[in-house]
Colleague: 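Dropping the structure in here first, questions after.
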There are 4 protein chains.
Amino acid sequence: MSSTNLPHQSEELERLRALLPGWVKTSKTMCQAGKVASYIPELSKAPADALGIHVIDFSGNSVTAGDCGLSFTMQSISKVFTLLLALIDRGPEIVFDKVGMEPTGDNFNSMLKLELVQPSIPFNPLINAGAIAISSLIGGDGPEEKSERVLRFFRRLAGNPELAYDLDVYRSEALSADLNRSMAYFLKDKGVLKGKVDDVLDVYFRHCSIAVTCSDLSRMALVLANDGTDPLSGEVLIPRRYVQIAKTFMVTCGMYNASGQFAIEVGLPAKSGVAGGILTLVPGRYGIGIVGPSLNPKGNSIAGVHLLETLSQSLDWSLF
Amino acid sequence: MSSTNLPHQSEELERLRALLPGWVKTSKTMCQAGKVASYIPELSKAPADALGIHVIDFSGNSVTAGDCGLSFTMQSISKVFTLLLALIDRGPEIVFDKVGMEPTGDNFNSMLKLELVQPSIPFNPLINAGAIAISSLIGGDGPEEKSERVLRFFRRLAGNPELAYDLDVYRSEALSADLNRSMAYFLKDKGVLKGKVDDVLDVYFRHCSIAVTCSDLSRMALVLANDGTDPLSGEVLIPRRYVQIAKTFMVTCGMYNASGQFAIEVGLPAKSGVAGGILTLVPGRYGIGIVGPSLNPKGNSIAGVHLLETLSQSLDWSLF
Amino acid sequence: MSSTNLPHQSEELERLRALLPGWVKTSKTMCQAGKVASYIPELSKAPADALGIHVIDFSGNSVTAGDCGLSFTMQSISKVFTLLLALIDRGPEIVFDKVGMEPTGDNFNSMLKLELVQPSIPFNPLINAGAIAISSLIGGDGPEEKSERVLRFFRRLAGNPELAYDLDVYRSEALSADLNRSMAYFLKDKGVLKGKVDDVLDVYFRHCSIAVTCSDLSRMALVLANDGTDPLSGEVLIPRRYVQIAKTFMVTCGMYNASGQFAIEVGLPAKSGVAGGILTLVPGRYGIGIVGPSLNPKGNSIAGVHLLETLSQSLDWSLF
Amino acid sequence: MSSTNLPHQSEELERLRALLPGWVKTSKTMCQAGKVASYIPELSKAPADALGIHVIDFSGNSVTAGDCGLSFTMQSISKVFTLLLALIDRGPEIVFDKVGMEPTGDNFNSMLKLELVQPSIPFNPLINAGAIAISSLIGGDGPEEKSERVLRFFRRLAGNPELAYDLDVYRSEALSADLNRSMAYFLKDKGVLKGKVDDVLDVYFRHCSIAVTCSDLSRMALVLANDGTDPLSGEVLIPRRYVQIAKTFMVTCGMYNASGQFAIEVGLPAKSGVAGGILTLVPGRYGIGIVGPSLNPKGNSIAGVHLLETLSQSLDWSLF
């Protein structure tokens, strides 16, 4: 399929190359209406007015615009890929015994539904409580081996053997983690988490702290856009069904409790992180990485979301 | 696009014709694990072991299996189309000033978020509170004209000028409506509803009580599958953008608080009703109507969902 | 007991006569930090800087200070006495089948616990939902006879045959009652309310709209302070056990979700209303009526609460 | 006051001596309708059919009945006294900056209101979240000195220098503490807890694990019944105002979310623990300790509550 689409795609890519700089410039003006995340102190150092995007197609051609050199941590974006690794390691039955499949409508760090709805399993794997549960399901002996396996998996997907933790963010995250710790102990009390809370959280903080650029995100997204097979190497990295599951979650829960609006305005599978990153994709066509650290009140990159609305509406990218 | 697809589609349709009877038979065994809705007394008279399906393609070819002659009321399925009519009548800005775009994770008749989340507008147009707000936005002078306009709109979409209210269900619904009434007064207190509560609810109960068959649902779905244009008459019935909005809501919120799971297991835009109907579609290809009055605990047709899982997974229909 | 205490009491009454004017003057300065209730439009006309108090002892001696001539509606204060009348009419078993005995910690008009906690009966008779349920339990054929019986009961307790509805407030209340109507329909859905919602609410709005002065409140409180027997006439108006129940609710739930703090700072059975009234009592000694329309954020008279703190702490009136 | 009451009291004590054995026997039959707490495994070893009571008056005369020799841990009963010690150590201003004064209507281990109500401080010092916050306010360097000070304070109040931890329960408690740990980290995130969570919880688990008999509880209650002064030694152990605060909390929040009902049926300040203990008092007259490990669904001794209803109603002990 990718080969027959190439001519059409490269035309669009050329169009993108021409239009993106202007769109980025327009969306950048949104930055001042948002705020850089500060609850993890280290994150607050990010440049509030930055916005960058990297688009890559199945032939490896790419278009970039804006502040693409910026390095930032994946934060919640990593949750898509730890979910995928947990699915590979344990299979869907075990995974969905510990986390549900439903959007919540609540904040990403809410604990309400854990207390209000029986059974007390997190509603989905992309909210904090669910992602912590997923971290406990990664294969491996102890937190170090688990983290090692996560990093290796991410490196392969990004085609970047240099991918590494931002240790300053990791430490900052671990030091400001009382709410995540609260959630983890709640889950342990309900039998969702096995093992030591500190071990699970160490795996969780580590994968949230993996530093990337827009280019890395776009490469990881490209694998999802091609149903789990790296279109450049031809290598099958993830079973197609698991990619389908991940993409579905990205549509229903990927943009925190603004996912519904994003589905209507953009209509693409996407996942955001509080460091300002957004990973998204046009199925069968592009992997896309975006960074814009200034966030809207729901925790998504304010300029990044605006840029994606422009892109999707101008190029008719919505799945729906 | 539809014309080039026709050969391929009619092959699939033939395959469906061969396979559907067996699949329906298998899914029918699920009925006994569910329950016919009883909170509206009149609904409880439906046959608990029924299951029927009607699939129609862009050429008007159709396949049916099971209890396709069964007449049933649209209930929540109507909410997709009153949303569309409100969008046509008022435009998205006014509509989304009164209802949000997010899934809630709560039951369809929950009032929790109305009290807990500011502003107090319903989270989305497909939960009861949201659909009541939408009913108040339908154009027309007074409840009778509004209802008249709804019925006319539905008849055109179904290509069935005989579509009519089931007056027994309508009366039963109006008599067992205390919870909906409670919601409506709450919304009125918050300024979401204008006009008289009884008038708004009358419109709401009427459109919920429109009687259809699987064939009607499949025809209405067909228009959505073709982005708002009736593929048989070529007539544009709904602007494409509004269909996109409706289909997105059907994915994120169409199956009550089991929408996330349905998106993963089936991956098609769909809307269910407590009378056991499910309207769904394969974009660019089919409109589908299903009925199976026995419901699972989330309020969706238990056999209907099972049948759709079989169909989507066997025929690779998921959007994701 | 009252006779032996009389000398001691009249000393204290003399002390009160000397001190109250200064205390009222000091507490009055609090008024500007509060707000007159406006959700019922008619209430917003009350003078924001008023504060008055009337204290009466078992011999009928009384002390007044401040704006004692002010007429105001009982609002939630009436709920203590409709509870008493419902207990007299139906007995505790029937009453406590429909309302619970627990403080909620939520706002007086919250519906959260009705949805979250099973069974869906109001937590106590002094929050709006509970008081509406109580209104439905008053004896009598139809809303008029019920209201008539309520008014007669209140007149006897106040020793004031002129007690009457403030019809402007009653109409204003009925016209801004969407939230109470919402609650009533919720309760009807759950089987807590029998009969027509409009009839129940009419009884409720009427008893909330009975106009009183501080003097009336103090006389009604005096009967409670003497365990149900009017100390002036010697007439038994309420069985002692029901007064005990009412006084206990006044301590645990009488001041909305500031009842806990009031119990610690003042320590007397009391009930407030959003028109600014507070009815309180010193068991075995005094009935007290207060009015101060400027409310604190919890809905209690800001100056009235301050004045009661001064009184209770200076004169060592806490029950605890 | 106590001296003049003595003749009257000893009469009542004699009456109690005659009646208690029969009442205990009757209340004991309730035990089978309840359940011994099992969430702390060590607690489940308690005898399910035990019931004992110890009443002591201001002259030191006492009456006992039932299984009075039973040793059990204080659990939540200790929270009354750590609140008192925190008030002595820090004063009310600092204490009530960290915990509120309101009953919640929720379970003792609920976290809902912490997320739903701003500011995120525990609603009162007697629910788990509040008591953990109080543990962090006890004076002393580090958890050992704090615990040492608590134990010393409790020993003086009980007049029993042998009072000690039940180390098996302490260890069991610390090992099954995930939910308390979750709450503590939540409070730390909100700035309510300072210091290390493990240190705070160690203090908390220790004071919950202090082993007592009914006799010890009755002695501690006697000090409260006499406003903070030990009536036997004449020693002032707690300032009167702090005892008043504690007694008020015992009335509004002492029996978990059955406190409202207990206030109506019994009407005495009381605090229960999940090991089956109840500490209560008749102000100015008696200290009372009860044990009955079989609990009702709200977590209070089922037979103990029944016995107190009999006592209070037969002897007219209600404060109200």
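Protein chains get the first letters and strands the later ones, always in sequence-line order, with residue 1 at the start of each. This is a predicted model, so every value here is computed, not measured.
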Colleague: Does CD in A:Q118 sit with more than 12 non-hydrogen atoms of other residues, nucleotides or ligands closer than 6.0 Å?
Modeller: yes

Colleague: If you count the non-hydrogen atoms of other residues, nucleotides and ligands that lie under 6.0 Å from NZ in A:K298, is the total more than 12?
Modeller: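 It does: A:K298 NZ has more than 12 such atoms within range.
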
Colleague: Going from CG on A:D178 to OG on D:S182, what distance comes out if it is rounded to the nearest 0.5 angstrom?
Modeller: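 It is 11.5 Å, given to the nearest 0.5 Å.
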
Colleague: Taking atom CD of D:E144 as the centre, report whether more than 12 heavy atoms of other residues, nucleotides or ligands fall under 6.0 Å from it.
Modeller: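 For D:E144, atom CD is not crowded (no more than 12 foreign heavy atoms under 6.0 Å).
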
Colleague: Could you pull out all donor-acceptor pairs under 3.5 Å where a side-chain atom in residues 186-200 of chain A meets a protein atom, sequence neighbours excluded?
Modeller:
unit_1: A:K188; atom_1: NZ; unit_2: A:G195; atom_2: O; d: 3.2
unit_1: A:D198; atom_1: OD1; unit_2: A:R181; atom_2: NH1; d: 2.7

Colleague: Could you check whether any side-chain N or O of D:E115 sits under 3.5 Å from a backbone N or O of A:S110, counting only pairs where one atom can act as donor and the other as acceptor?
Modeller: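 Judged by distance alone, no pair lies under 3.5 Å.
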
Colleague: For D:L116, is it the side chain, the backbone, both, or neither that has a heavy atom closer than 4.5 Å to a heavy atom of chain A?
Modeller: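 Side chain only.
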
